[in-house]
Amino acid sequence: MIRLDKYLSQSSDYSRKEIKKAIRQKAIEVNGETATDPGMKISEQDDVVLYGIGVDFQGKRYFMMNKPEDVVSVTRDGRNTTALDLLEEPNKERLHVAGRLDKDATGLLLITDDGVWTHQVISPRKHCTKVYHVWTAESIDESMVEKFAQGIWLESENKRTLPAELQILSSHEARLSIQEGRYHQVKRMFAAQGNRVVALHREQIGEIRLDLELADGEYRSLTQKEIDSVW
Ligand code: URA
């Protein structure tokens with residue numbers, strides 16, 4: 001069950017204030033009856049009409065995008081193209097990115113309007129693993145596997161990262177799994193070893209893998225299984 005004003009503000013372009021006004025104007029019907037209380041409890045199955053037009057329930061929204069280079073993952077940016085600019089969806093201002101990627105990084109970006117879900121994805125205490133494909137300027141030494149497993153000391157924060165799993169793929173290429181999402185974390189972990197990340201691509205967050213069908217800048221809704229996988 002959900003409040004009528006919440007149902008409508010979530011499912012239409014109308015703000016809660018406009019919905020209150022519509023109620024005063026007797027412009028909202030629930031199951032054929034004029035609604036008088038914005039707080040009345042309704043369910044997704046109820047038939048809701050606003051100014052003569054039926055309004056289907058719009059639940060929370062969840063997307064994955066294959067973020068291209070040079071696109072920023074902040075919600076608004078005067079200069080750069082943002083990930084939200086690439087979405088063709090209504091009410092985009094209600095959406096946010098769950099776990100940012102740097103402007104020069106590519107790959108899996110999650111976008112939603114569900115703040116509780118986002119917390120689950122980004123909170124280090126929830127141990128939601130993020131997997132990155134990394135290309136480096138200098139060769140990757142075998143000894144780094146053990147160092148990453150013990151956590152890397154980040155000087156600027158005076159703190160060690162949580163244990164990370166490094167899988168060396170070739171001399172300048174690796175797959176790194178981390179459980180946090182600190183600012184520039186992967187780049188700083190490699191920099192702390194005297195190496196430099198030249199390209200970074202996120203492949204996976206928790207159980208959610210980037211869909212390889214998605215070309216650069218394309219996106220799709222998450223499946224229910226993907227949504228539920230973060231709990
Ligand atoms: N680590 C980084 O350094 N950059 C990102 O975009 C994500 C993780």
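This is a predicted model, so every value here is computed, not measured. Indexing begins at 1, ligand by ligand and atom by atom, following the structure's order. Residue numbers run from 1 in the order of the sequence given.
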- [ ] Could you pull out every protein residue that has a heavy atom closer than 4.0 Å to ligand 1, ordered by chain and then number?
- [x] Leu101, Asp102, Ala105, Tyr132, His184, Gln185, Val186, Lys187, Leu200

- [ ] Give the minimum heavy-atom separation between Ile152 and Lys147, together with the two atoms involved.
- [x] CD1-O, 3.7 Å

Open item on the list: Could you work out, with side chain to side chain contact (heavy atoms under 4.5 Å, CB included) as the rule, every residue matching Thr136, not counting sequence neighbours?
Closed with: Val134, Ile140, His172, Phe190, Asn195

Open item on the list: Does Arg16, at its CZ atom, have more than 12 non-hydrogen atoms belonging to other residues, nucleotides or ligands within less than 6.0 Å?
Closed with: yes

Task: For Gln204, all residues meeting side chain to side chain contact (heavy atoms under 4.5 Å, CB included), sequence neighbours excluded - done: Val131, Arg209

Task: Heavy-atom neighbours of Gln25 CD exceed 12 at 6.0 Å - done: yes

Task: Residue pairs passing the salt bridge (Lys or Arg N to Asp or Glu O under 4.0 Å) test where at least one lies in residues 96-117, sequence neighbours excluded - done: Arg61-Asp113, Asp102-Lys187, Asp104-Lys187

